[in-house]
Amino acid sequence: MEKPVNDQIRSWTERIRAAAASGTALCIRGGGSKDFYGRQPVGEILATTGYSGIVSYEPSELVVTVRAGTRLTDLEAELAGRNQMLAFEPPRFGADSTVGGCVAAGLAGPRRAAVGGVRDFVLGARIIDGRGEVQRFGGEVMKNVAGYDVSRVLAGSLGTLGLIVEVSLKVLPRPVAEATLRFEMDEAAALHQLNAWGGQPLPISASAWRGGVLDLRLSGAASAVDAAIARLGGESVPAPVADALWTGLRDQRDDFFRGDDALWRLSMPSDALAVQLAGAQLVEWGGAQRWLRSTVPAGQIRARVAELGGHAVMFRHGDRSGEVFHPLPAPLMALQRNLKKAFDPAGILNPGRLYAGL
C-alpha cells in the first residue's frame, strides 16, 4: 500500500539526512527514461515514482500543481481533457517519464522556439534539499516575484540541487488550428528563410530541416493559419503524417535519432552559419538548435560550435566518463559550485551528473 503523502516526504527527509551524515551518494530517479543524459548516474537509487498525482488544477487560471512522480502521459491526458497542454512539449523518452524528471532535465520539444522552455513555465516548486529540509519556492501565479526565482533554477539541474517533490506549471490552451508545410531547399537557404520568417507575424510553432527538406508547423487561429499557408506556399503535409513527424521529433523516436554514434545537441545563434562537420544533421528551433550525429572528436566539435557563438552537449552515446556538457568559464563554474554548496553542502545529491565535482 502506498504511504500517505506526509509519511513519504518524512521518509525522504530522513533518508537524505542520514545520507548527508554518512556521505552516501544518492541517485534521484523518476522513471529512469533519462539515465542516458548527463554524466553517469552514481549512488543509491532514491525513486520518486510512488509519489504521484495532481495536487490542484485550475483550468481557468492555466496552472497545475503536480507531484514529481506523476507520469507525463497521465498529466497530459488530464490537460487534454480540458483542451490544454504543456506548451513546451517535453520529450517523453518512455512511458514512465515523470514530471519531476521533465523539470530536472529541462528539455523542451519542437514548440520551444515559439513559446519558451521549461523554466519559463515553472511557477513554483517544493523540494527537499541536501540537508533533508523541505523548501518551497515561487507560487502558483506568474506575478509571484518575491525573493530569488529559485524554482526556475531547478530546470536543467538534473537533481543536483534537491529532490523535487511538487511543481506548479503554467499550461496553455491547445491551438485551434494547425498545419504543416514542406519545402525543398538546402541548409543555407533554410537558415536564411527561417530567420526571415522569424521576423514576420507568422504563426510558426515548429520547424525542422534535414536532408534538403524543411518542415514548418503553423499553429493558432484558423484564419491566421490559412493566411500563412496562402502566403508561404509549399507542400501541404497530411495531418496524420505531420502528427507523426512532430511527435517523433519531440520524443526522439524519429529515425534520425537511431544509431550508436554520439548524438550532439548544439545550441547556436539562429542566424549562425552551417556547422560544416561530418555526420548527419537536423536543424530545429529556427536554427537555434542543431542535432549532429557524428564520430568527429569532441574537441573539434566544441571548437567549431564555439567559433559560431554556440555550445555543444554530448546528448547521447559517446564517452560519458569525461565532461558531457560544454565546459563553463571559470566565473560561471564558481557560481555553479556555490549554488551546489548552498543547496547540498555534503554533495550527496546526483553528484557529478552535471559536471565533475558538482
Side-chain angles (χ1 to χ4, degrees), residues 87-91 105-121 152 155-156 172 175 178-220 224-225 228 231-234 237 242 245-246 248-250 252 254 256-257 263-277 279-294 296 301-315 325-326 328-329 332:
F88 54 92
E89 295 183 322
L107 299 174
R111 207 180 299 268
R112 162 66 175 86
V115 301
V118 179
R119 63 172 46 90
D120 298 304
F121 288 83
R152 297 190 180 191
L172 291 180
E178 283 195 331
T180 296
L181 301 176
R182 179 164 292 171
F183 307 84
E184 291 188 5
M185 59 182 71
D186 62 25
E187 183 180 8
L191 290 172
H192 172 77
Q193 195 63 72
L194 286 168
N195 278 277
W197 286 336
Q200 299 175 17
L202 293 167
I204 297 173
S205 64
S207 61
W209 177 91
R210 56 180 160 180
V213 175
L214 172 64
D215 289 301
L216 197 70
R217 185 175 66 188
L218 306 170
S219 305
V225 171
R231 179 177 176 180
L232 297 174
V237 179
L245 164 69
W246 299 115
L249 292 176
R250 172 186 176 177
Q252 297 192 359
D254 188 271
F256 174 86
F257 295 99
L263 175 66
W264 289 84
R265 178 177 179 256
L266 315 179
S267 180
M268 314 275 288
S270 63
D271 60 352
L273 299 174
V275 295
Q276 295 181 327
L277 291 168
Q281 188 180 178
L282 168 67
V283 178
E284 289 191 281
W285 299 1
Q289 175 168 268
R290 310 186 193 184
W291 297 96
L292 175 69
R293 184 173 288 287
S294 177
V296 173
I301 291 175
R302 288 197 166 113
R304 172 57 178 165
V305 172
E307 179 184 351
L308 295 171
H311 63 267
V313 173
M314 187 183 292
F315 191 81
F325 295 97
H326 202 88
L328 293 176
L332 290 182

Kindly give the heavy-atom pair with the smallest separation between [X] and [Y], and that separation in Å.
{"X": "Pro90", "Y": "Arg250", "value": "O-NE, 2.8 Å"}
{"X": "Ala228", "Y": "Leu202", "value": "CB-CD2, 4.1 Å"}
{"X": "Leu191", "Y": "Ser270", "value": "CD2-O, 4.3 Å"}
{"X": "Val225", "Y": "Gly220", "value": "CG2-N, 3.8 Å"}
{"X": "Ser205", "Y": "Ala114", "value": "CA-CB, 3.9 Å"}
{"X": "Met185", "Y": "Ala190", "value": "SD-CA, 3.4 Å"}

What distance separates [X] [atom1] from [Y] [atom2], expressed to the nearest 0.5 Å?
{"X": "Asp254", "Y": "Trp291", "atom1": "CG", "atom2": "CH2", "answer": "11.5 Å"}
{"X": "Leu214", "Y": "Glu187", "atom1": "CG", "atom2": "CD", "answer": "11.0 Å"}
{"X": "Arg217", "Y": "Leu249", "atom1": "CZ", "atom2": "CG", "answer": "9.5 Å"}
{"X": "Trp264", "Y": "Arg302", "atom1": "CH2", "atom2": "CZ", "answer": "4.0 Å"}
{"X": "Arg119", "Y": "Arg152", "atom1": "CZ", "atom2": "CZ", "answer": "9.0 Å"}
{"X": "Leu181", "Y": "Leu216", "atom1": "CG", "atom2": "CG", "answer": "6.0 Å"}

Side chain to side chain contact (heavy atoms under 4.5 Å, CB included) between Arg304 and Val296, worked out: CA-CA 11 Å; Arg304 172 57 178 165; Val296 173; over 6 Å; no
Determine whether [X] and [Y] make a side-chain contact, defined as any pair of heavy atoms from C-beta on separated by less than 4.5 Å.
{"X": "Pro175", "Y": "Arg111", "answer": "yes"}
{"X": "Leu172", "Y": "Phe121", "answer": "yes"}
{"X": "Phe315", "Y": "Leu292", "answer": "no"}
{"X": "Leu245", "Y": "Arg182", "answer": "yes"}

Using a 3.5 Å distance criterion without hydrogens, assess whether the side chain of [X] forms a donor-acceptor pair with backbone atoms of [Y].
{"X": "Arg265", "Y": "Val313", "answer": "no"}
{"X": "Ser267", "Y": "His311", "answer": "no"}
{"X": "Arg112", "Y": "Trp285", "answer": "no"}
{"X": "Arg293", "Y": "Phe257", "answer": "yes"}

field: Aromatic plane relationship, Trp197 with Phe183 - under 30° parallel, 30 to 60° tilted, over 60° perpendicular
entry: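 Answer is tilted, since the angle falls between 30° and 60°.
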query: In a check of side-chain contact (heavy atoms from CB on, under 4.5 Å) between Arg290 and each of Leu266, Leu282, Val305, Leu277, which one passes?
result: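 Of the listed options, the one satisfying the test is Leu266.
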query: Would you say the side-chain atoms of Thr180 and Trp246 include a donor-acceptor pair closer than 3.5 Å?
result: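 There is such a pair between these side chains.
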